[in-house]
Amino acid sequence: MTTFYDHQKLEQKWQKKWQKEKLNLADDKSKKPKKYVLDMYPYPSGEGLHVGHVESYTATDIISRYLRMKGYNVLYPQGFDAFGLPAENYAIKTGVHPAETTRQAIKNFKCQLNSLGMSYDWSREVVTSDPNYYQWTQWLFLQLYKKGLAYKKKAPVNWCESCQTVLANEQVVNGLCERCESEVVQKDLEQWFFKVTAYAEELLNKIEEMDWPEPLKHAQKNWIGRSEGALIKFQIPNSKSQINSKFKIPTCRQARQNSKHFIEVFTTRPDTLFGATYLVAAPEHPLIEDLKLKTENWSEVKKYIQKSKTKSQLERTDLAKEKTGVELKGVKAINPANKKEIPVWIADYVMMGYGTGAIMAVPAHDERDWEFAKKYNLKIFCVIEPEISMDFDPSKITPKQFFKSIEPYQEEREKIRRGEIVFSGEGIIINSEKFNGLKSEQARDKITKFVKGQKQTQYKIRDWLISRQRYWGAPIPIIYCDKCGIVPVPEKDLPVKLPQDVDFKPTGESPLALSKTFHKVKCPKCGASARRESDTMDTFVCSSWYFLRYADPKNQKEIFSKKLIKKWLPVDLYIGGMEHAVGHLIYARFVTKVLRDLGYLDFGEPFLKIRNQGIILAEDSRKMSKRWGNVINPDDVVEEYGADALRMYEMFMGPLEDAKPWSQNGIIGIRRFLEKVYKYITRYKEQPTRFDREARRASNKQIPNPTLDLIGGQTNSKLQNSNFEVERQLHKTIKKVTKDIESLHFNTAVSAMMIFINEVTGNQKLATKEIIEKFLITLSPFAPHLSEELWSSFAKASEDKESKYHSSIFNQQWPEYDKKLVVDEEVTIAIQINGKLRETIKVARGIGEKDLKLKIENLDKIQKYIEGKEVKKFIYIKDKLVNIVV
RNA sequence: GCCGCGGUGGCGGAAUUGGUAUACGCGUUGGACUUAAAAUCCAAUGGGAGCAAUCCCGUGAGAGUUCGAGUCUCUCCCGCGGCACCA
């Protein structure tokens, strides 16, 4: 396309100047009110920035620039999530050290971000792989350790064969590794965990108070997964004879076993306890081993346990698969409600990690138990039936009709009783002795008390597994001593630096374990020779606190100073992808709460307002992917159309949070708009005298309101009026853009600016310099380079070297709109007859109902409709619409 | 299966509290300029009927509330996203 301005020259010129002038520094000492605007920092991959980054980063850049012009002291930093697997995998393949690839990638990213005109305060840059940063990640680990919130335990964990490392639950997607999509298997390993579960309740109940997107809130609530229920113990008697002969005194050994041998289950439905016809324990349940002697079919049981151990996460959780299990023959449990003896099974549809690892099965009222019971021919016993809903008036119905209407219910009840269908809802208790007739809700507490059960709240969320058997991460600052056991590295010895002499080839053990310089160490307690922990931390530990470091990034003595944290935190606006809903955001909230409880922070929620940007799809509406060859590289777009056009187009595409397909023609449309702005203002500059002359002439004649400081107008009063319209349009635009930036509706803000430009160019109306200036300021957060260029171009015309045009447009104040000017004096009123639009009429604003009625009734077209008919109603919505009902 | 979000022209999308549906952009068509093309500018552009004035139909489908529904209520269909044997 032919262009009227050279975006490359112009953009580079201003980018250089902005960097030199340091316009974007957040001021620690300023008394102005603060705002903290934050992007989710990028992982510096070799691929560079993609258009999705550009979308969210432009949004925050617009807001930051806007807030600065509004008079805020804005913290708008950027950094890099620099540790992580891709760099290490690349090192395995090529031998290039991750530090080197990361350094290169960061250099490239910064260059790209600058070429987009992002107004980051680079003096606060944070790089998580920098020892000055990970020193404090390690320090954080030590604080958690001291508090008992970091602990080591042997547990079944998710293991990715391909990445040769363990993964957090949050990194396993449908049984596959989030990163490489290979199958995740279970391994029993000794690993470090952070006790996120200790904060489950607070993490959950603060969600509602936050200004976050609804889907994000739901994802978090779901993940934390709170449910209320009860713990109930099922006794396992020693032998048949013991239950039958109540009065026989048990031997000491029997008594001891008796007290030990019970199975505790967690249930959310204690109201169905009378219907529990068997128990099921997870294959990993420790009690199974204890019951070995009693189990008559031990070899079969052992085989089943072995088999389920080798199953992958994917196999075990595959819902489509038929449930399997094995009975512990010879072992019985007593249902504490009705004292009936029930069988005990083992099945891998029960998970060890949730509740107690064992359940009471109520096949009549639980889908899964029903399926299992049907397969293995277990007893189904109905204890709840649905309530008949009376959504009709019984007094207005004959007995015959009544019975007819409840017929379907009766049929359903019969089927439930016979165990033909499952009823998992709430209802009325039956077959439960003295609890019969109660509603489920009432029965829950009563039955729990009756069997001496304990009320309990369970969460689905697990503790956060942070160990990784990989090199490119922050080393866990722990030393193992034969005498002293686990010894934390003293804080003064931090950082525990990553060694250079490593072999990157993964062996299932951390590469650090094979480094001679790293591994051997003296115990800080006793001085004996000891060994270092060789695992590194999950990179999400690094990103769980980076937003705090921006407040005080260069502090060598402490993680951050309380004073600066108080000045800048919490984050006022955080924009990033929805994919971090349950990982990063939960971890960051957790760490914030821990630091608060340790006295380092005085707030518990780091992000007051969060918005998620939607993904940008390719032009073919598929995901952008190398595989499809449909990836748009922002560098190419910047080169061809300019950063301003790219930024503005991405804002114009649609709502920030929606998924939107790319359109090459769309960006051309934006470029056309920018050209129009450029041409219009250039034309103005070429003929300022004409504008001024006409403005003077106009002001000598009839200006509607002289205080409006109106200039311009071509030849006569009609045009004067049209210039008045330009001023009105400007104020409407300022109002709309201001409101839209604050509510993040950037697409309609761009639209408003287009309407303004169409108004002044299309109708050949003349704007004044003041109008042009204000418009440019409004445009500047969106198209910073062009706005700055046009702003500064006024300086040449000015004789005064001290004039504002010699200073950046971003040092100007955001324009206020005039309330009087945003309302039109004339309004168009829609006239409806019986709700259908028939005519519109232009009248003066604020016209009274009587005057309007008279006017309308005189209109020929309206007379046609109301002639000879009775006007039943005349509805008038002020300055908007009239509806005549005939 | 459960939970959440959504469905508006040829396309991306606008539409305060229920008050003129389709703003703005793209595309398309016609015109101006040009030897010609591109670019630019102007005009038209939801569908249908009509010479026209004008009329009828239109926000996934159906019903309801209302003077009036894209917006509120109910039922259903479709798409996207999250969680998923969580007891």
Side-chain angles (χ1 to χ4, degrees), chain A residues 1-4 173-175 213-223 225-227 229 265-269 272 280 316-321 323 347-351 353-362 365-369 371-372 424 458-462 578-579 581-582 614-615 619 621 649 652-655 657-670 672-673 675-676 679 739 745 747-755 758 761-762 828-840 861 864 872-886:
Chain A
M1 65 192 287
T2 51
T3 56
F4 285 78
V173 180
N174 290 328
E214 263 335 286
L216 180 112
K217 287 185 179 183
H218 271 96
Q220 289 211 1
K221 278 186 205 164
N222 238 324
W223 189 258
R226 180 196 151 105
S227 48
V265 304
F266 172 72
T267 177
T268 55
R269 297 295 300 273
T272 65
V280 191
R316 255 188 91 162
T317 56
D318 185 3
L319 253 174
K321 177 206 71 173
K323 296 185 190 355
D348 63 7
Y349 81 89
V350 174
M351 305 286 144
Y354 185 77
T356 61
I359 61 157
M360 63 182 214
V362 186
H365 305 296
D366 183 283
E367 214 58 70
R368 295 153 298 177
D369 298 342
E371 195 189 312
F372 194 77
S424 54
Q458 281 288 340
Y459 301 91
K460 278 198 258 181
I461 194 169
R462 311 290 155 83
M578 177 67 186
E579 68 272 21
V582 293
I615 63 163
E619 198 137 17
S621 286
Y649 170 61
F652 185 60
M653 288 171 86
E657 314 217 349
D658 288 9
K660 307 160 282 270
W662 184 265
S663 156
Q664 203 67 19
N665 281 326
I667 196 161
I668 292 172
I670 293 288
R672 282 209 271 258
F673 162 75
E675 299 268 353
K676 265 192 207 173
K679 277 189 280 182
K739 210 178 99 194
H745 293 144
N747 53 333
T748 46
V750 175
S751 158
M753 288 186 275
M754 286 172 168
I755 292 170
N758 289 345
T761 58
T828 308
I829 289 188
I831 303 166
Q832 297 182 335
I833 311 286
N834 291 336
K836 268 189 183 154
L837 181 74
R838 295 299 177 186
E839 184 66 292
T840 57
K861 200 171 165 190
K864 202 175 84 190
K872 277 191 193 154
K873 262 186 190 172
F874 186 89
I875 293 150
Y876 174 45
I877 308 298
K878 203 172 174 196
D879 293 336
K880 274 205 169 138
L881 164 145
V882 160
N883 193 5
I884 302 167
V885 187
V886 294

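Just so we're on the same page: letters track the sequence lines, and every chain starts at 1.
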*What's the closest nucleotide to the A:T828 side chain, out of B:U20, B:G27, B:A87?*
B:U20
*asked:* Say we look at B:G10 and B:G27: how far apart would their C1' atoms be, to the nearest angstrom?
replied: 7 Å
*With sugar-phosphate meaning primed atoms plus P, OP1 and OP2, does A:T267 contact a base, only sugar-phosphate, or nothing at under 4.0 Å between heavy atoms?*
sugar-phosphate
_Counting the atoms with a prime plus P, OP1 and OP2 as sugar-phosphate, which does A:I877 contact under 4.0 Å by heavy atoms, base, sugar-phosphate, or nothing?_
base
*Check the distance between B:A38's P and A:R672's CZ and give it to me in whole angstrom.*
13 Å
*Counting only side-chain N and O atoms of A:R838, is one of them less than 4.0 Å from OP1 or OP2 of B:C55?*
yes
*asked:* Can you see if the side chain of A:S751 gets near the phosphate of B:G13 - specifically, an N or O under 4.0 Å from OP1 or OP2?
replied: no
*asked:* Over all strands shown, is A:P213 touching base, sugar-phosphate only, or nothing at heavy-atom distances under 4.0 angstrom?
replied: nothing
_Applying a 4.0 Å non-hydrogen cut-off, can you work out what A:N747 is touching in the nucleic acid: base, sugar-phosphate, or nothing?_
sugar-phosphate
*Check every strand shown and say whether A:A581 touches a base, only sugar-phosphate, or nothing at a heavy-atom separation below 4.0 Å.*
nothing
*So does A:N883 reach the base of B:C67 with its side chain, donor to acceptor, closer than 3.5 Å?*
yes
_Among B:C83, B:G25, B:G19, the nucleotide that comes nearest once only the side chain of A:K880 is considered_ = B:G19
*From the options B:G13, B:A84, B:A15, select the nucleotide whose nearest atom is closest to the side chain of A:T748.*
B:A15
